[in-house]
There are 2 protein chains.
Amino acid sequence: MGTSERIERERHAKRALIMDAARELFLERGYDAVTLRQIAERIEHSTTAIYVHFADKFDLFQQLVHDDFRRFDDALTRHAGIADPVERLQRIGRAYVEFALTMPRSYEMMFMRPQLKAEFEKVPPTSGGAEPGKAAYQTLVATCVDLVHQGRLRPGLIDPLAVAQAVWSAVHGLVTLQLRCEHEPELQWRSREEVLGVLMTMICEGILRPTA
Amino acid sequence: MGTSERIERERHAKRALIMDAARELFLERGYDAVTLRQIAERIEHSTTAIYVHFADKFDLFQQLVHDDFRRFDDALTRHAGIADPVERLQRIGRAYVEFALTMPRSYEMMFMRPQLKAEFEKVPPTSGGAEPGKAAYQTLVATCVDLVHQGRLRPGLIDPLAVAQAVWSAVHGLVTLQLRCEHEPELQWRSREEVLGVLMTMICEGILRPTA
DNA sequence: CCTGTTACGTAACGGTGTTACGTAACAGAT
DNA sequence: ATCTGTTACGTAACACCGTTACGTAACAGG
């Protein structure tokens, strides 16, 4: 009989119910400002119900971040098939920025938290085993490997990992500062397109061997 | 009689006592993990004593960050006198990275917090009026203005502010990712010198007009 | 019908930031 | 010398937080 499957389905549905409410609140107010009682009230349960499905508040939060990382992976690995590594790098970079700026609170959750301490218990949610975010990183690294192998980089740049990490740094810095500064009038922060344009120029002219 | 001055001096001393204890604890454990009762106990007072000198926990924290910003300003404006804007930019960049990596928790407090909401009440601590961090930013902007005026940048780069913001983004991204990733074995993060070297190459080759 | 498990509500615990209130110290005025 | 207003600060409380001990009702499997 399919009753155990139904139970499993209901359990999963309730878990999703909690996560949806939690996501909405976390995105709207940030981690610290959200209360388990708020989440519970929104779904008309007691806080105890949350503890049935999650170990604690941080665990619940982590599951949400985990999902965001999967979407993030999807958004970047989508361009992994582009043959020309230069164009691929540019596409990945722009996809990265677009993801971060269209889902800013998700990006904050993922990359702008004070150090997340231990997080080795992430195997259960994804059966695949590969942890989230890794695929996006591998796509970037692979692109830099191609750039090196095809001799597209300036003579001094021979370590694909160092190049990948420098590029990632630049793009990550762009979005984090953009999110924090774009509405501070005293800084006269330039538009997303302007700063991104300069940064992309900087990255490409900076690491690519001149072709002329 | 100098008694009112003595009172002022004592008041300032007690304020400093609180801030020293708080700084130590915040740097050691981070904002959320520190308790007003812990701070109070360390200096053998009750929590009420803290409220005599600071509006609330966040205000106390903010004063500390404010001081860090002054040191930050000092560290960067020190190189403002260098004549050659290219060398000046490099020195500023390296000073930025050194500050961030030698005082990582301070840097976290300053630039890696989830949005700090309203912070318009900062006039009292500094009599000067100019808010902290502004001097460092102005130094960077002025350097980019010089680069543009001296025709040292690539043809497309004509907006000094956009260039300054892109450069800041790159360096900020470097230190934040470095702080978060350098001890994650799976990423195979490269050493500070390696990634910084690639990034500095990227910045200089990326924005400077080729001299050959 | 029994029995073990599971989901979940009630009520509590210890700890948090914050504050109402009382008090003791004390500078300045009378 | 006494009064008075202000200031610093301790005590004890408040409301709220994450978390948990405990009870219970539902219910699948035997």
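In what follows, chains are A, B, ... by sequence order, proteins preceding strands, each numbered from 1.
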Protein-to-nucleotide contact annotation, 5' to 3' order, nucleotides 2-14 of chain C [B base; S sugar-phosphate only; - none; under 4.0 Å, heavy atom]: -----SBBB-B--
Let me check something: any side-chain donor-acceptor pairs from residues 35-43 of chain B under 3.5 Å, sequence neighbours excluded? List them with distances.
from, atom 1, to, atom 2, distance (Å)
B/Gln38, OE1, B/Arg29, NH1, 3.1
B/Gln38, OE1, B/Thr35, N, 3.2
B/Arg42, NH1, B/Glu24, OE2, 3.0

Verdict with reasoning, B/Asp68 to B/Arg23, per salt bridge (charged side-chain N to carboxylate O under 4.0 Å, His left out): CA-CA 10 Å; B/Asp68 283 335; B/Arg23 151 158 279 119; 2.8 Å; yes
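The NZ atom of A/Lys57 sits 9 Å away from the P atom of D/dC17 (whole-angstrom rounding). Summarising the geometry, the separation between CG on A/Asp32 and P on C/dG17 is reported as 12 Å, rounded to the nearest angstrom. Between the C1' atom of D/dA26 and the CD atom of A/Glu10 lies a distance of 12 Å, rounded to the nearest Å. B/Phe61 has its CZ atom 14 Å from the P atom of C/dT18, to the nearest Å. Atom CD of A/Glu8 and atom P of D/dC27 are 17 Å apart (whole Å). Per the geometry, CD1 belonging to A/Ile39 stands 13 Å off C1' belonging to D/dC17, to the nearest Å. Residue B/Leu36 contributes atom CG, which lies 9 Å from atom P of C/dT16 at whole-angstrom precision.
When only modelled atom types and interatomic distance are considered, B/Gln63 and B/Asp67 share no side-chain donor-acceptor pair under 3.5 Å.
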What's touching nucleotides 3-5 of chain D from the protein side, N or O pairs under 3.5 Å?
none

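Ring centroid separation for the pair A/Phe72 and A/Tyr137 does not come in under the 6.0 Å cut-off.
Checking B/Glu182, B/Gln178, B/Glu194, B/Glu184 one by one against B/Trp189, the side-chain hydrogen bond (donor to acceptor under 3.5 Å, both in side chains) holds for a single residue, B/Gln178.
For CD of B/Glu44, the number of neighbouring non-hydrogen atoms (other residues, nucleotides, ligands) closer than 6.0 Å is 12 at most.
Ion pairing between B/Glu5 and B/Arg9 fails under the 4.0 Å rule for side-chain N and carboxylate O.
Between A/Phe26 and A/Tyr31, the angle of the ring planes stays under 30°, which puts this pair in the parallel group of the 30/60° scheme.
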